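Worksheet: one structure, shown below.
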Amino acid sequence: MPELPEVETARRDLNRLLKGKRIQKVRLLHPALLRNATTEEFRESLEGKRILGTGRRGKYLFLLLEGGAALAVHFKMTGRFFLFKQENDLPRHTHLVMALEGKTYLCYSDIRKFGRIYLLKGGEEKEPDEIRLLGLDPLGEEFTLEAFRDLTGSGKEIKSLLLEQHLIAGIGNIYASEILWRAGIRPERPASSLSGDEIARLFRAIPEILKTAVASGGSTLRDRTYLRVDGTPGSYQRFHKVYYRTGLPCPVCGETIEKSLVAKRSSFFCPRCQK
DNA sequence: CGCAGTGTTTTTGC
DNA sequence: AGCAAAAACACTGC
């Protein structure tokens with residue numbers, strides 16, 4: 001459940017389902033998930049506290065707690081939250097269980113265990129570097145054409161640049177391909193080679209694609225690792241134009257979609273629409 | 001110092 | 001059987 005649209009969908013789902021609920025008991029089954037605190041400290045900070053709301057920056061999801069502390073979660077490749085109605089017989093790969101009022105259990109599962117959870121104590125406490133150094137959030141008001149243009153001066157391949165979380169926070173491999181298709185730009189183009197018009201098209205394509213994906217609840221791929229909090233799939237995969245569509249026709253021009261490697265990661269593009 | 005490239009976490013499914 | 005998969009950090013060498 002990794003990219004911005006999936007994290008934002010989880011944030012909205014959890015906000016609706018958890019707001020005002022009190023955490024009664026915490027069970028951390030896989031302590032390595034928690035990166036910056038002891039299991040004891042984590043339990044003591046959470047147990048008895050209400051969840052006041054949720055937040056998001058890039059691909060980080062925040063659960064805001066009564067008293068000023070917060071939980072920051074990064075799902076990496078396969079992390080996700082779901083609600084469960086019983087304490088036992090938890091599904092495989094469940095690594096954290098938070099008992100809420102009303103015999104509801106907020107569970108975190110993560111097949112590959114790449115995900116990370118941080119305890120943010122609030123107040124004067126400094127955020128971990130990986131959160132503090134995040135770049136512009138493409139759905140935030142700080143994401144302006146001027147700010148975006150300032151990031152695009154280097155000779156790096158534009159797709160790699162879109163994936164750099166310390167520049168722009170939230171775009172991952174699926175949406176980078178979709179955004180570049182929408183903007184009509186090849187993924188391997190050096191950022192510094194883009195014209196003013198191309199920069200402007202790319203700037204507009206980023207929130208357009210991401211917002212549409214959020215409205216569809218994110219992308220659930222074949223393996224169904226990403227599911228919403230209630231277990232239902234997202235539907236933006238139906239609207240993918242190039243991602244994982246090698247050999248299929250471009251929906252606009254009919255040309256065959258190609259796959260290439262950019263910085264060792266699969267990239268999908270239309271050789272006719274993207275210059 | 002920046003940048004590119006490699007290796008690392010781990011499990012699953014094609 | 002081998003490899004690739006939504007991520008991103010640590011590390012090397014130039």
Side-chain angles (χ1 to χ4, degrees), chain A residues 1-11 29-36 56-61 72-81 91-96 108-118 127-135 137-138 151-180 187-188 190-192 209-210 213-214 216-228 233-247 259-268:
Chain A
M1 170 199 282
E3 308 188 34
L4 185 151
E6 290 75 31
V7 179
E8 176 63 16
T9 299
R11 187 196 70 72
L29 306 166
H30 178 66
L33 178 64
L34 179 63
R35 311 301 287 210
N36 69 338
R56 182 192 58 74
R57 274 172 61 196
K59 301 175 193 174
Y60 283 85
L61 171 71
V73 182
H74 194 302
F75 299 118
K76 294 287 175 119
M77 305 281 266
T78 56
R80 79 175 191 103
F81 277 118
R92 277 183 78 187
H93 312 299
T94 301
H95 305 311
L96 171 65
Y108 174 82
S109 95
D110 191 342
I111 294 173
R112 294 172 71 178
K113 293 188 271 197
F114 289 2
R116 294 169 174 213
I117 293 184
Y118 301 85
E127 293 176 329
D129 283 352
E130 46 273 63
I131 296 174
R132 189 170 53 84
L133 301 176
L134 286 173
D137 191 285
L151 303 176
T152 54
S154 84
K156 287 179 190 161
E157 294 169 316
I158 187 63
K159 175 164 176 268
S160 300
L161 190 140
L162 292 179
L163 296 175
E164 289 193 30
Q165 303 301 303
H166 63 99
L167 300 179
I168 305 164
I171 300 172
N173 208 36
I174 295 177
Y175 296 103
S177 280
E178 293 299 314
I179 286 164
L180 287 165
E188 72 279 8
S192 51
I209 293 284
L210 296 176
V214 170
S216 300
S219 302
T220 295
L221 305 181
R222 293 172 169 55
D223 66 7
R224 293 177 62 88
T225 338
Y226 164 68
L227 295 170
R228 296 180 63 159
S235 54
Y236 191 71
Q237 66 281 0
R238 294 184 213 154
F239 305 106
H240 290 180
K241 310 297 187 195
V242 290
Y243 183 80
Y244 221 83
R245 289 177 47 81
T246 314
K259 174 181 171 175
S260 68
L261 286 183
V262 175
K264 287 266 169 80
R265 304 198 65 191
S266 300
S267 301
F268 303 86

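Letters go in sequence order (proteins before strands), and every chain restarts at 1. Nothing here was measured: the structure is a model prediction, and the numbers come from that model.
- Two residues are said to be in side-chain contact when any heavy atoms from C-beta on lie closer than 4.5 Å; A/Q165 and A/H74 fail this criterion.
- Salt-bridge formation is not detected for the pair A/R35/A/E130: no Lys NZ or Arg NE/NH1/NH2 atom is positioned less than 4.0 Å from an Asp or Glu carboxylate oxygen.
- Along DNA chain B, the nucleotide nearest to A/R222 and the one nearest to A/I111 differ in position, and the one closer to the 5' end is contacted by A/I111.
- Residues A/I209 and A/E178 share a closest heavy-atom pair of CD1-O, 3.9 Å.
- Taking atom NZ of residue A/K264 and atom P of nucleotide C/dA8, one finds them 19 Å apart after rounding to whole Å.
- We find that the ring of A/F114 and the base of C/dA8 do not stack by the test of centres under 5.5 angstrom and planes tilted less than 30°.
- Following rounding to the nearest Å, A/Y236 (OH) and C/dA6 (C1') show an atom-to-atom distance of 15 Å.
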For DNA chain B, the expected dot-bracket line (Watson-Crick or G-U under 3.5 Å, [ ] crossing, | inter-strand) is .||||||||.||||
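- As rounded to the nearest Å, C/dA1 and B/dT9 have C1' atoms that lie 22 Å from one another.
- Between A/L4 and A/R56, some side-chain heavy-atom pair lies under the 4.5 Å cut-off.
- Between A/P5 and A/V214, the shortest heavy-atom distance links the atoms CA-CG2, 3.7 Å.
- Taking atom P in both C/dA6 and B/dC14, one finds a spacing of 15 Å when rounded to whole Å.
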Can you give me the N/O atom pairs linking the protein to nucleotides 2-4 of chain C at distances under 3.5 Å, or say none if there are none?
none

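- For the OP1/OP2 pair of C/dA5 and a distance below 4.0 Å, the side-chain nitrogens and oxygens of A/R265 include no atom meeting the criterion.
- Taking atom CG on A/D129 and atom C1' on C/dC9, their separation rounds to 12 Å, with Å as the unit.
- The shortest distance between side-chain heavy atoms of A/K159 and A/S177 falls below 4.5 Å.
- Looking at A/T225, its side chain comes within 3.5 Å of the base of C/dA6 through a donor and an acceptor atom.
- For the pair A/Y226 OH and C/dA7 C1', the computed distance is 16 Å after rounding to whole Å.
- Under the 30°/60° scheme for interplanar angles, the aromatic rings of A/H30 and A/H95 are found to be tilted.
- A salt bridge does not link A/K113 with A/D110: none of the charged nitrogens is closer than 4.0 Å to a carboxylate oxygen.
- With distances taken from any side-chain atom of A/Y243 to the nucleotides C/dA6, C/dA8, C/dC9, the minimum falls on C/dA6.
- Whole-Å rounding puts the A/N36 CG to C/dC9 P distance at 15 Å.
- As rounded to whole Å, 17 Å separates atom C1' of C/dA6 from atom CD of A/E8.
- Counting heavy atoms from C-beta outward, A/T78 and A/D223 have side chains that stay 4.5 Å or more apart.
- Considering only side-chain N and O atoms, A/H74 lies nowhere under 4.0 angstrom from the phosphate OP1 or OP2 of C/dA7.
- Put simply, CZ on A/R112 is 9 Å from P on C/dA6, counting in whole angstrom units.
- Across residues 162-175 of chain A, A/Q165, A/G172, A/N173, A/I174 each have a non-hydrogen atom less than 4.0 Å from an atom of DNA chain C (numbered order).
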TODO: Report the C-alpha separation of A/L261 and A/S266 in whole Å, then their side-chain angles, then the decisive distance to 0.1 Å, and conclude whether the side-chain contact (heavy atoms from CB on, under 4.5 Å) test is met.
DONE: CA-CA 5 Å; A/L261 286 183; A/S266 300; 4.3 Å; yes
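- Taking atom P in both C/dC3 and B/dG7, one finds a spacing of 13 Å when rounded to whole Å.
- No more than 12 heavy-atom neighbours from other residues, nucleotides or ligands sit within 6.0 angstrom of CZ on A/R238.
- Rounding to whole angstrom units, CZ of residue A/F75 and P of C/dA7 are separated by 14 Å.
- A distance of 11.0 Å separates CG in A/L134 from CG in A/L167, rounded to the nearest 0.5 Å.
- Reading DNA chain B from its 5' end, the first and the last nucleotide to sit under 4.0 Å from a heavy atom of chain A are B/dA4 to B/dT12.
- A ring-ring contact (aromatic ring centres under 6.0 Å, His included) check over residues 156-179 of chain A, counting only residues at least two apart or in different chains, returns the pairs A/Y175-A/Y236.
- Each of A/G155 and A/D223 lies near DNA chain B, and the nucleotide nearest A/G155 is the one positioned closer to the 5' end.
- At the heavy-atom level, A/R224 lies nowhere under 4.0 Å from the strands shown.
- A/Y108 is linked by a ring pair (Phe, Tyr, Trp, His ring centres under 6.0 Å) to A/F81, counting only residues two or more places apart in sequence or in another chain.
- A pairwise comparison of heavy atoms in A/R245 and A/F268 identifies N-CD2, 4.2 Å as the closest pair.
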